[in-house]
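Just below is one structure, and these are the notes that go with it.
Side chains are part of it too, since the values below use all heavy atoms of this structure and drop only hydrogens, waters and symmetry mates. The structure presented is a predicted model; accordingly, all values stated were derived computationally and were not measured.
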Amino acid sequence: MLGLNKRDTSFLLIVILLTMTTPFLMQPFAENSPLAQFNSGYPDLMAKVAIFGIFAMGFNILFGLTGYLSFGHAAFLGVGSYAAVWMFKLLTLNVLPAVILAVIMSGIFSLLIGWISLRRSGIYFSILTLAMAEMSYRLAYSVLTPLTNGETGLQVRPNDPRILDSVTSANYPNLFGLQLSSSYHWKVLGHDFTFNVGFYFCAVIAIIAFYISMRIFRSPFGMMLRAVKSNQQRMSYTGLNPRPYTLAAFVISGMYAGLAGGLLAAMDPLAGAERMQWTVGGEVVIMTILGGAGTLLGPVLGAGAIKYLENIFSKINDNVLDGWFSFLPDTIRDGVVWFFSRFTGEGWALTLGLMFMLVVTFLPGGLVEGGKRIGALFKRKPKGDGDDPQHHPQSTPHVAE
């Protein structure tokens, strides 16, 4: 099916099912439940998980397959956002042309950056990409103010030309007239499930991006990228030039980042230089490593975990903690609340740091490796042909076997 073998087809169908049922999976607790604090089934967060999942998928094609660690992918995210917003301002509020332009512009920009940065490898490549991203951020923040609107950011306004739109008063992106902000609420058994048009648009794009990523991983091109990671020097000795392959991977990765930037602008029609900061590029590195670099599903899991921590743990303040530990005596409760407040609210990044440290130390393969270990606990190892508790001598195999 679609060029995939039976196992990959089943895997893709499972991913599609999980993606389409995200509003249920991220809203497991009833609204009046004490655990409702951990619900995350609202449109903004669900869309961010899909968008940053795309961002991490693209980064994984470069880092997971070739081993080239880039800290500058935030530049392509920002270029995609600016391109999409300019499309909204000048041509139409339909999201499809904006997303296409975002992918094209980020691909061109990543070709330029990759052509320069890939002249070096290892730590020098990483430093070059970081420098390029920082220069892009500074240019967007100050020098290119006529194009980026500087620190204020580029916004969609009702009086923008939009030559292909008949109605100029609207100022929110749509999909052939269907507003991305519109939602349908289904209240059942104390749950409030939200089905948002914008999320499902991002989810469909994410599924397509995942399928393309899977095809790349399984293709001869993906095998060449693994060869680059395994032993680039030996690959050169065979007469193969690794640079075209690494440049192609870099451009594909940049186009994924631009796609994510375009979708961010579609969900929130604003493009600012802060999306090009080096911290955003570092965040996608953490997402990929946390989920499992070099795996198909790992980057998506890492993106979901980080966005969940960012949006859920950051909302847990002292008042929430006081309610949780109200059963304790006052003196003990104050100390407990003070301790846990270091890891929640504004200190949620400390929780992320500890989680990242534990994963890197005990699960080098990320969350995917953790899932495999848990799954192995529930699998009984079948008795194979080589299992021989009596240690009987084996017959010598025929030379042709």
Okay, side chain of Thr344, backbone of Ser314: is any donor-acceptor separation there less than 3.5 Å?
-> no

Donor-acceptor pair, Arg342 side chain versus Trp338 backbone, under 3.5 Å?
-> yes

Between the side chain of Ser136 and the main-chain N/O of Ala75, is any donor-acceptor distance below 3.5 Å?
-> no

Is Ser126 reaching over with its side chain to a backbone N or O of Leu69, donor-acceptor style, under 3.5 angstrom?
-> yes

Quick check, are the ring centers of His73 and Phe63 under 6.0 angstrom apart?
-> no

Any donor-acceptor N/O pair, Asn196 side chain to Ser182 backbone, under 3.5 Å | yes

Taking all non-hydrogen atoms of both residues into account, name the closest pair between Lys315 and Val320 and its distance.
-> O-CG2, 4.3 Å

Within the 6.0 Å centroid threshold, strictly below: Trp348 and Phe340 | no

Verify the distance criterion only: is there a donor paired with an acceptor across the side chains of Tyr141 and Glu151 at less than 3.5 Å?
-> yes

Would you find a donor on one side and an acceptor on the other, under 3.5 Å apart, between the side chain of Asn317 and the backbone of Gly345?
-> no

Residues at least two apart in sequence or cross-chain that pass ring-ring contact (aromatic ring centres under 6.0 Å, His included) with Phe313, listed by chain then number, are none

Looking only at non-hydrogen atoms, find the nearest pair between Ala260 and Ile51 and report the distance.
-> O-CG2, 3.3 Å

Polar side-chain atom of Asn39 near backbone of Gly41 as donor-acceptor pair, under 3.5 Å | no

Would a distance-only check, ignoring hydrogens and angles, find a side-chain to backbone donor-acceptor pair under 3.5 Å from Thr361 to Leu358?
-> no

Calculate, to the nearest 0.5 Å, the distance between atoms CD1 and CG belonging to Ile54 and Leu264 respectively.
-> 9.5 Å

Taking all non-hydrogen atoms of both residues, which atom of Pro23 and which atom of Met46 are closest, and how far apart?
-> CA-SD, 3.7 Å

Do any N or O atoms from the side chain of Ser230 and from the backbone of Arg226 form a donor-acceptor pair under 3.5 angstrom?
-> no

Rounded to the nearest 0.5 Å, the CD1 atom of Ile100 sits from the CG atom of Leu259 at a distance of 10.5 Å

Heavy atoms of other groups near Trp278 CH2, more than 12 under 6.0 Å | no

Looking just at side-chain N and O atoms, do Arg275 and Ser81 make a donor-acceptor pair shorter than 3.5 Å?
-> yes

Between the OH atom in Tyr184 and the OH atom in Tyr200, the distance rounded to the nearest 0.5 Å is 11.5 Å

Other residues, nucleotides, ligands: >12 heavy atoms within 6.0 Å of Glu31 CD | yes

Just one of Tyr256, Phe55, Phe250 clears the ring pair (Phe, Tyr, Trp, His ring centres under 6.0 Å) bar with Phe76, so which one?
-> Phe250

Quick check, are the ring centers of Phe199 and Phe195 under 6.0 angstrom apart?
-> no

Within 45° cone of Phe52 ring axis and under 6.0 Å: Lys307 NZ or CZ | yes

Hey, is Asp330 close enough to Arg333 for a salt bridge, meaning N to O under 4.0 Å?
-> yes

Interatomic distance, CE@Met26 vs OG@Ser40, rounded to 0.5 Å, equals 3.0 Å

